[in-house]
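Sequence lines set the chain letters: A, B, ... in the order given, protein chains first and strands last, and positions in each chain run from 1.
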Number of protein chains: 2
Amino acid sequence: MSKRPNKSSSNRLSSSPPDELNHIPLLKILSSADRRRVLQDLTEQRYTKRDVIFREGDPTEYFHIVKEGTVKCVKSTPEGKECTLKMLMPGDLFCCDAATFEGACHPGTAQPMGDVSILRMNKKSYFEMLRRNPEAAIEVIKHLGNRLKEAQEKAKVLALDRADQRLASLLVDLATKNGVKDPQGIKLPMRLTRQDMANMVGTTTETTIRIMSRFKRDRLVSGTATRLIIRDLAALKALASA
Amino acid sequence: MSKRPNKSSSNRLSSSPPDELNHIPLLKILSSADRRRVLQDLTEQRYTKRDVIFREGDPTEYFHIVKEGTVKCVKSTPEGKECTLKMLMPGDLFCCDAATFEGACHPGTAQPMGDVSILRMNKKSYFEMLRRNPEAAIEVIKHLGNRLKEAQEKAKVLALDRADQRLASLLVDLATKNGVKDPQGIKLPMRLTRQDMANMVGTTTETTIRIMSRFKRDRLVSGTATRLIIRDLAALKALASA
DNA sequence: AAAAAAATATGACGTGCGTCATGTTTTGAG
DNA sequence: CTCAAAACATGACGCACGTCATATTTTTTT
């Protein structure tokens, strides 16, 4: 269970081509002077599937941005049950809340879904940046607002919907936010097992497999973990809000 | 079902005694010059139980602060099922996320639990304040970070725990955050029916009544809606994380 | 104080989904 | 290519919890 925190690499960014980071909203809005300064404070970390970026309960030291790959944010119980709170995609910020302040701990564990690249900055530099740059602070507020809205929507779904509806909601969400076009329908870009899905919608692996089998029979989806395809988005949407 | 949006009153604050608002963290950190300016832009609104502060889907126009009383934030399904996302207490901010920006809509309905007093400011003034005052922006980030953490913890509980554990978690939360000391134990300061609790933990009223009856038999709680008392916090804590 | 409306209480019954068990297929490492 | 480990699949069974029905108590309104 416990793996050593095995950072594959850690690079300075100051020498990177400046355009490489243009897809990250937070960096885009900085003045070019301030941007250069921020790039000095950011470092790039690379992780692979078996690493852990940080663990639930660890002290918070950095502010993070996903540069490449997918990161999952999970909470677990002493008995070993797991709950996946959020999949973080390129451009997403995490630990951007200032609960990250003095002596705070991570409320969840951050784990790569494959090879990922993360940009990070220590708390001190991060808050200095926010103080210098109110637009950046507002950008972070916007981001947190969206995250909160998502988390609340998720709570509603967990509280009120059946397992098949929750799963349908999940697939709709992933397809619309991260899906890429495919001759068969919409392909999900990350490896996603039924177990992963189960953890995201609060059910067991078996139940998820049964429901996915039904969806497959009804031509709503096809494929498995390595190549999951949404074939009838409309039908899934209808089921999600039935 | 549909009540007229019946604001009992709406007052300017500029003439209020300045100490009256000292319990609100966001206002406390402003410079006294900026504080005076902000007070010009804030107005006080009063509502009663049968009012609605805003409805899910309404356009977002204001930033809000709870001054007195309790506000519940709910989402509902077309079939009439309800899910209470959060109880807002004095000092809490709401609609502080900038998703509140252009043309956005409220993701939930805000409803008073009794007589409440709300301070509000229009979006424009609010964002101007944040731009002028990075410390205020950081305070909002902190607040949103806490809200997000809470929402994620709630999602975890909904996903993994049984109904009695969810209810125990809720009671522990309310008792520790809002409870007031009482000869019998800890009294909850707001009127709270079993129906309200059911909506907060994602079960039915009947199930909540059954579980609360058991809690009462086992001397963990006593009283009903108007005077609910937590008598054995430790036991509830133990159950919540069993 | 009386009447109306909520809230609390309890039973009967059905079912969605968790649990355990066992087998097949797919994936990835060497 | 081979083999072990994951992932997928399917059945049997039980229980937690939703649903519906009906009664009593508490709270609110007039």
ask   = Going through the checks in order, is the side-chain contact (heavy atoms from CB on, under 4.5 Å) test met by R46(A) and D51(A)?
value = CA-CA 10 Å; R46(A) 297 194 154 271; D51(A) 298 328; over 6 Å; no

Separation of [X] atom [atom1] from [N] atom [atom2], in whole Å?
| X | N | atom1 | atom2 | answer |
| --- | --- | --- | --- | --- |
| Q195(B) | dG18(D) | CD | P | 13 Å |
| K216(B) | dT25(D) | NZ | C1' | 10 Å |
| D164(A) | dG16(C) | CG | P | 9 Å |
| M113(B) | dA6(C) | CE | C1' | 14 Å |
| L167(B) | dA16(D) | CG | P | 16 Å |
| F215(B) | dA9(C) | CZ | C1' | 16 Å |
| L192(B) | dA6(C) | CG | C1' | 15 Å |
| M197(A) | dC17(C) | CE | P | 17 Å |

task = Using heavy atoms to find the nearest nucleotide of DNA chain C for T205(B) and G202(A) separately, return the residue whose nucleotide is more 5′.
result = T205(B)

query = On DNA chain C, nearest-nucleotide positions of R166(A) versus T226(A): which is more 5'?
reply = R166(A)

Selection from [options] that lies nearest to any side-chain heavy atom of [X]:
| X | options | result |
| --- | --- | --- |
| T207(A) | dT8(C), dG18(C), dG11(C) | dG18(C) |
| I209(B) | dA7(C), dA9(C), dT10(D) | dA9(C) |
| K81(B) | dC17(D), dC17(C), dT19(D) | dT19(D) |
| R210(A) | dT10(D), dT10(C), dT8(C) | dT10(D) |
| R194(A) | dT19(C), dC8(D), dT28(D) | dC8(D) |

inquiry  = Is a donor from one side chain sitting under 3.5 angstrom from an acceptor on the other, for T84(B) and E82(B)?
reply    =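 Judged by distance alone, the side chains do not pair up.
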
ask   = Does OP1 or OP2 of dA7(C) have a side-chain N or O of T224(B) closer than 4.0 Å?
value = no

task = Answer yes or no: does a side-chain N or O of T203(B) lie under 4.0 Å from OP1 or OP2 of dC17(D)?
result =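 Checking dC17(D) against T203(B), no side-chain N or O comes under 4.0 Å of OP1 or OP2.
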
request  = Quick one: sort the F94(A) and F54(A) rings into parallel, tilted or perpendicular, breaks at 30° and 60°.
outcome  =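 Tilted.
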
query = Can we say D196(A) and K72(A) salt-bridge, meaning some charged N sits less than 4.0 Å from an Asp/Glu carboxylate O?
reply =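 K72(A) and D196(A): salt-bridged.
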
ask   = When you check the gap from the basic side-chain N to the acidic O, do D173(A) and K154(A) get nearer than 4.0 Å?
value = no

message = Judged by each residue's nearest nucleotide on DNA chain D, which is more toward the 5′ side, R191(B) or E206(A)?
response =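 Here E206(A) is the residue nearer the 5' end.
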
